[in-house]
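Data first, discussion second: the structure below is written as structure tokens.
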Amino acid sequence: MAAPEERYGRETMTRTILHVDMDAFFAAVEQLRRPELRGKPVVVGGSGNPHSRGVVSTASYEARAYGIHSAMPLRTAFNKCPHAVFLPVDFSAYGAASRQIMAILREYSPLVEPLSLDEAFLDVSSRPEVPRALAEEIRRRIKDDTGLTASIGIGPNKLLAKIASGLHKPDAVTEITPDTTTAVLRDLPATVLWGVGPKTAARLEQTLGVRTVGDLQRIPLAQLQELLGPRWGEDLYRTCRGEDDSPIVTDWEPKSLSRETTYQYDTRRRETIIATISALAADVVGDLHDEGYRGRTVTVKIRYRDFRTHTRALTLPEPINDGDAIRQTAVALLDRFALDRPVRLVGVRVSGLVKTGNGKQETGNAEP
DNA sequence: TCTGGGGTCCTTATCCTC
DNA sequence: TCTGGAGGATAAGGACCC
């Protein structure tokens, strides 16, 4: 097999990729539409009730000063800052703001890849402007048109553009060039790399003494592959050097559709769980119809009080979108779980999706 | 004391067929 | 006929992302 540096050589065409990342997006939208919240700690998450189960989706910068951050339990956030304003997640409002921002980005390039409501990659390789000047213009446009601030990273690929956007948040443009890549990456924690989360970071530190991206660059390919497997090891060997040739993906098809819910109070009652599965299955079927898909595999997920999570799945002979059949399949799968402990979460997923062509709407950026 | 929801992708095990 | 793979499909779990 060819070594990575031979397969991804310098002759690869130079690209200019922007990563646009909105600052504290959900909280910023709330502060924009409710001026009395500006300058105050705002926490968006769950039902907006800080005494019920849920986690922080976004904390305003004022709330972050109290140590509140995304994914923190709402109850913990409340303990850190009881006078913060807690708000429920309002996806329709954030979706409207997001569509406005994505439309601005598409004025600058047709090659836009939304990653989530508040982030997108943009390939501006064919634009004549100096990249930094262009990024500054886009940042100003977003602010003038929407009142929201964005941080923009510039890089020769998606990996470096995304790392760049995170370096000087909020409201900043940051560029990483091939010449500055080594110096910029060297002292960053390994967790800035795509795919390196808490578990992998701990393994890298314990087995190889690796903490920074620079540390990682000193590990031979074979050693990374031994620890992480052949594929993952090679990926990390390349990404820690800032190498990435993944393309901008403008059209995306879902692989699965799912719904899940966490009970406010754990339950062992079979009838309660069956009712939940039926309701979740109905929601998923609604999504299948709305988006024009059938699916072949039905999966039920159960999370017990101790947070251990199990799934049971059944693959059907043909893809279906029939509500009764999907609901009955999901309910039948419950028999394969031991309900010997309290359950905190139930989920239903349908995967193996195929298009029916009968959706409410084809995707917005499909060919005319 | 806690730990959401909606996704993707990878690894491993098992079964089956060629 | 026996045996040993290769390799696809399925199932389950886990890590990770926003």
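Only a predicted model underlies this, so the values are computations on that prediction, with no experimental measurement involved. In the text below, chain A, chain B and the rest are named by the order of the sequence lines, each starting its count at 1.
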Legend entry - dC2(B) and dC16(C), which share atom name P, separated by this distance in whole Å: 25 Å

Legend entry - Any Arg231(A) side-chain nitrogen or oxygen under 4.0 Å from OP1 or OP2 of dT11(B): no

Inset, instruction - Answer yes or no: does a side-chain N or O of Arg75(A) lie under 4.0 Å from OP1 or OP2 of dT3(B)? - result: yes

Inset, instruction - May I ask you to decide whether Glu62(A) forms a salt bridge with Lys40(A), counting only side-chain N to carboxylate O separations under 4.0 Å? - result: no

Legend entry - Upstream residue (5' side of DNA chain B) when Pro254(A) and Phe307(A) are each assigned their closest nucleotide: Phe307(A)

Inset, instruction - For the pair Phe121(A) and His19(A), name the ring-plane relationship: parallel under 30°, tilted 30 to 60°, perpendicular over 60°. - result: tilted

Legend entry - Close aromatic pair by centroid cut-off 6.0 Å: Phe337(A) and His310(A): no

Legend entry - Side chain Thr329(A), main chain Ala325(A), donor-acceptor under 3.5 Å: yes

Inset, instruction - Return the nearest nucleotide to the side chain of Thr76(A); candidates are dT1(B), dT3(B), dG7(B). - result: dT1(B)

Legend entry - Gap between atoms CG and C1', on Asp283(A) and dG7(B) respectively (whole Å): 16 Å

Inset, instruction - Give the rounded distance in Å between these two atoms: NE2 of His69(A) and P of dT3(B). - result: 14 Å

Inset, instruction - May I ask you to say what Ser70(A) touches in the nucleic acid, namely base, sugar-phosphate or nothing, with a heavy-atom cut-off under 4.0 Å? - result: nothing

Legend entry - Note: Arg259(A)-Asp283(A) ion pair, threshold 4.0 Å (strictly below): yes

Legend entry - Where protein sits on nucleotides 13-18 of chain C, one letter per nucleotide: B base, S sugar-phosphate only, - none, heavy atoms under 4.0 Å: S-SSSS

Legend entry - Thr262(A) side-chain N/O to dG5(B) phosphate OP1/OP2 under 4.0 Å: yes

Inset, instruction - Identify whether any heavy atom of Arg336(A) sits under 4.0 Å from a base atom; if not, whether one sits that close to sugar-phosphate; answer base, sugar-phosphate or nothing. - result: sugar-phosphate

Legend entry - Side-chain heavy atoms of Asn321(A) within contact of Thr356(A), under 4.5 Å: yes

Inset, instruction - Using the C1' atoms only, state how far dG4(C) lies from dC16(B), rounded to an integer number of Å. - result: 15 Å

Legend entry - Euclidean distance, atom NZ of residue Lys80(A) to atom P of dT1(B) [Å, nearest integer]: 16 Å

Legend entry - First of Pro73(A) and Asp235(A) reached from the 5' end of DNA chain B, by closest nucleotide: Pro73(A)

Inset, instruction - Mark yes or no for whether Ser70(A), through its side chain, and Val56(A), through its backbone, hold a donor-acceptor pair below 3.5 Å. - result: no

Legend entry - Nearest-nucleotide pick for Trp252(A), side chain only, options being dA11(C), dG7(B), dG6(B): dG7(B)

Legend entry - Distance, rounded to the nearest Å, where Leu74(A) contributes CG and dC2(B) contributes P: 13 Å

Inset, instruction - Take the protein atom CG of Leu257(A) and the nucleotide atom C1' of dT8(B), then report the distance between them rounded to whole Å. - result: 13 Å

Legend entry - N/O (side chain, Arg53(A)) to phosphate O (OP1/OP2, dC2(B)) under 4.0 Å: no

Inset, instruction - Pull up the glycosidic torsion of dC2(B) and say syn or anti, syn being anything within 90° of 0. - result: syn

Inset, instruction - Could you tell me whether dT1(B) is syn or anti, where syn means a glycosidic angle within 90 degrees of zero? - result: syn

Inset, instruction - Give the rounded distance in Å between these two atoms: CD of Glu226(A) and C1' of dT11(B). - result: 17 Å

Legend entry - Donor-acceptor pair between Glu30(A) and Tyr94(A) side chains, under 3.5 angstrom: yes

Legend entry - Touch class at under 4.0 angstrom, heavy-atom based, for Gly54(A) against every strand present: sugar-phosphate

Inset, instruction - Using atom CZ of Phe78(A) as one end and atom C1' of dT3(B) as the other, report the distance to the nearest whole Å. - result: 19 Å

Inset, instruction - Using whole Å, report how far CG of Leu228(A) lies from P of dC9(B). - result: 19 Å

Inset, instruction - From the options dA12(C), dC9(B), dG5(B), select the nucleotide whose nearest atom is closest to the side chain of Lys255(A). - result: dC9(B)

Inset, instruction - Answer yes or no: does a side-chain N or O of Arg305(A) lie under 4.0 Å from OP1 or OP2 of dT3(B)? - result: no

Legend entry - Rounded distance (nearest 0.5 Å) linking atom CG of Leu148(A) with atom CD1 of Ile101(A): 5.5 Å

Inset, instruction - Answer yes or no: does a side-chain N or O of Ser256(A) lie under 4.0 Å from OP1 or OP2 of dG6(B)? - result: no

Inset, instruction - Report yes if at least one side-chain N or O of Ser258(A) is closer than 4.0 Å to OP1 or OP2 of dG7(B); otherwise report no. - result: yes

Legend entry - Atom P, compared across dC17(C) and dT1(B): separation rounded to whole Å: 29 Å

